[in-house]
Amino acid sequence: MDAGVIPISNTQLALSVILVLITGVISAALRLELLKPLLWGTVRTYLQLTLIGYALTYIFNINNLILIIVIISLMCLVASRTAVRGSPRAGRYSMLLGFFSLWTSTFLVGTIVMVLIISPEPWYSARIAIPIFGMILGNSMNGIALSLERLFSEVKSKISEIEALLSFGASPWESVRDCVKEALRAGMTPTINSLMVVGLVSLPGMMTGQILAGADPQQASRPLPVVVMLMIAAAVAIGCLMLVLLYYKKLFTKEDAIAHYV
Amino acid sequence: MPEFFKFDQIEYHMGAAGRTVKVSSDLEEGSILVIKGPSGAGKTTLLRILARLLECDKGQVFLQGQNWLSFTPQLWRSKINYLAQKPAVFNGTVLDNLKKPFALKIKKDMFNLDEAIDGLRELSLNENLIHQDARTLSGGETARITLLRPILFKPNILLLDEPFASLDDNSARSVMEFLKRWLENETGRGIVMVTHNDIYKDISGIKIQELELSEPGVN
Ligand SMILES: Nc1ncnc2c1ncn2[C@@H]1O[C@H](COP(=O)(O)OP(=O)(O)OP(=O)(O)O)[C@@H](O)[C@H]1O
Ligand SMILES: [Mg+2]
């Protein structure tokens, strides 16, 4: 059963530069001007993954609850910066709301999974917690970014309907309810799509990892990847809901009129 | 007996140039106040301020002696109803559009279909229009349907921004008569309107307030 991890030597790693070259040639031929970001991205990928390798070894050995919480909170911070970039007021306040929603949804769902479903020994085992939380965060981040972007574009395109409702005495919530619904739908659609095609088009990241590491596909397909898929769906739903519900108020002035920057 | 509707020393500035407008006026119960002024003078801006959709720099508005700030924005807007220069049309039929405001929490009354149909007739619109997709209406039909919407909602004051802009003279006259009847049908009503049309000339008891287009720095 234990076929072990597929070994990749440094030479092989260096050969993967060929992949970058292919993309680079395409970019140069079509003048996409992606060469610089592509190279920078490649360097960052090598660097970040190498460093995280060392860091993870260290963190797994220490396996301290506080340290794990700090690490995951830092991950949330980076994710929230990326998630709220699309909003017209990407100020500190947006970041704060993004961070709060990501943090709460990730910790809520992640902790349930760790304590009740996987229950390793100890329940916060870094070796399991960090990859699990990472997966949740990556997906919630994308969901939140999509929701937020859709919320703003919907409100912009429906501004005259919203003002008409406001002028009949609608509350802010009544006036943007349809936009909020669309925003939530947009944030959750990728996750729901992936629930539909999982196994048919793509394998969950977790299962891919286990199979590459030599696990039997039948074992690898359940129950953990099922749990992971469902937990991701739950976290995305909670994260998007929290952010959109916290955020829509920011579209209004304290007089409950549409703010001028929308 | 306090004045019915009054705005006092309303002061606001517009655009990047920061031109400032100062205006005071009042309206008697059952009458019409016409706001006049050249394009860009700030007429739309004034109506939006009166509906509390925009904030002004200074000044106060009173409805039957009560300060506007003693109402919640929602309650105020349900009493002082602003109809935009380019009114919004919602997805759905004309009926859906007329019913829309009645779905709001602030509105306690039920939608009355007979009133809506009477309204259509009075505005010389065919009553079969009620099941037509609202987005397929002509410009003039849209103008009258979107005017009927706040009429059925029964606010105290209607703030109308160029209600005759897309109407021919005959329709404009029938709309004007319709508004006049609306004012007389019940107490506690008034209209503030912005218009370039002069059909109000034959009607008695109309007050006119000019908005001057002053240069920046003046005042
Ligand atoms: N949101 C805004 N941002 C910047 N400038 C604005 C804004 N709204 C209005 N203005 C400016 O304020 C001025 C007054 O606008 P307003 O719509 O009140 O004019 P108006 O008197 O209604 O003109 P018209 O008769 O053409 O409708 C205009 O110069 C306009 O460009
Ligand atoms: Mg105007």
Side-chain angles (χ1 to χ4, degrees), chain A residues 87-91 93-94 146-147 149-189 241 244-262, chain B residues 14-16 44-45 47-56 68-69 71-92 96-108 134-135 142 145-146 149-161:
Chain A
S87 82
R89 296 187 84 207
Y93 188 81
S94 307
L146 285 171
S147 280
E149 203 184 300
R150 181 62 66 90
L151 181 65
F152 284 110
S153 65
E154 280 288 309
V155 168
K156 258 206 170 102
S157 70
K158 296 223 175 88
I159 194 98
S160 68
E161 281 103 316
I162 294 173
E163 279 223 327
L165 285 175
L166 286 177
S167 65
F168 281 111
S171 64
W173 168 248
E174 284 174 312
S175 70
V176 295
R177 187 169 41 200
D178 290 345
C179 303
V180 167
K181 274 190 201 159
E182 277 307 307
L184 285 176
R185 199 190 294 274
M188 295 204 51
T189 300
L241 193 66
V244 170
L245 290 186
L246 288 172
Y247 215 111
Y248 86 88
K249 275 263 176 196
K250 280 307 284 178
L251 303 168
F252 295 87
T253 64
K254 61 179 190 310
E255 277 270 84
D256 290 346
I258 285 277
H260 64 88
Y261 52 78
V262 172
Chain B
M14 292 168 306
T44 298
T45 310
L47 290 192
R48 287 165 53 82
I49 286 171
L50 295 180
R52 285 171 76 174
L53 290 166
L54 271 182
E55 278 170 66
C56 58
W68 58 348
L69 297 180
F71 300 84
T72 63
Q74 281 76 28
L75 187 58
W76 179 259
R77 289 178 199 139
S78 73
K79 290 174 181 290
I80 314 289
N81 201 211
Y82 168 68
L83 179 62
Q85 196 161 3
K86 294 179 200 126
V89 176
F90 297 99
N91 271 329
D96 294 334
N97 266 270
L98 295 176
K99 271 182 170 174
K100 191 91 181 176
F102 288 84
L104 300 175
K105 208 166 62 217
I106 195 115
K107 191 66 186 167
K108 301 289 189 291
R135 301 210 190 252
T142 307
I145 294 295
T146 50
R149 195 166 52 191
I151 290 278
L152 297 174
F153 193 74
K154 302 193 178 82
N156 290 96
I157 306 229
L158 267 175
L159 306 173
L160 303 177
D161 202 347

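The chains referred to below are lettered A, B, ... by the order of the sequence lines, with proteins before strands, and numbering in each begins at 1. FYI, side chains are in, hydrogens and waters are out, and symmetry mates aren't considered; it's all heavy atoms of this structure.
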Inset, instruction - Kindly indicate, with the supporting measurements, whether the criterion salt bridge (charged side-chain N to carboxylate O under 4.0 Å, His left out) is fulfilled by B/Lys100 and A/Glu161. - result: CA-CA 11 Å; B/Lys100 191 91 181 176; A/Glu161 281 103 316; over 6 Å; no
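At a 4.5 Å heavy-atom cutoff, the contact between A/Thr253 and chain B is made by side-chain atoms alone. Only the side chain of B/Phe153 comes within less than 4.5 Å of a heavy atom in chain A; its backbone stays farther off. Contacts of B/Pro150 with chain A are made by both backbone and side-chain atoms, with heavy-atom separations under 4.5 Å. Of the two parts of B/Arg48, only the side chain, counted from C-beta on, holds a non-hydrogen atom closer than 4.5 Å to a non-hydrogen atom of chain A.
Closest non-hydrogen pair, B/Leu104 versus A/Leu165, comes out as CD1-O, 3.9 Å. Among all heavy-atom pairs drawn from B/Ala88 and A/Ala164, the shortest one is CB-CB, 3.8 Å. Contact record, B/Arg52 with A/Glu255: NH2-OE1, 2.8 Å, taken as the closest heavy-atom pair.
Other residues, nucleotides and ligands contribute only 12 or fewer heavy atoms inside 6.0 Å of the NZ atom of B/Lys99. When the shell of 6.0 Å around CZ of B/Arg135 is examined, it contains more than 12 heavy atoms from other residues, nucleotides or ligands.
Without hydrogens or angle criteria, A/Glu174 side chain to B/Lys105 main chain gives a donor-acceptor distance under 3.5 Å. With A/Asp256 contributing its side chain and B/Gln74 its backbone, the two residues share no donor-acceptor pair below 3.5 Å.
Considering only heavy atoms from C-beta on, B/Ile106 stays 4.5 Å or farther from A/Phe168 through its side chain.
For chain A, the option among B/Leu83, B/Leu159, B/Asn81 with the highest count of heavy-atom pairs below 4.5 Å is B/Asn81.
Separation of atoms CD (B/Gln85) and OG (A/Ser160) is listed at 13.0 Å; rounding is to 0.5 Å.
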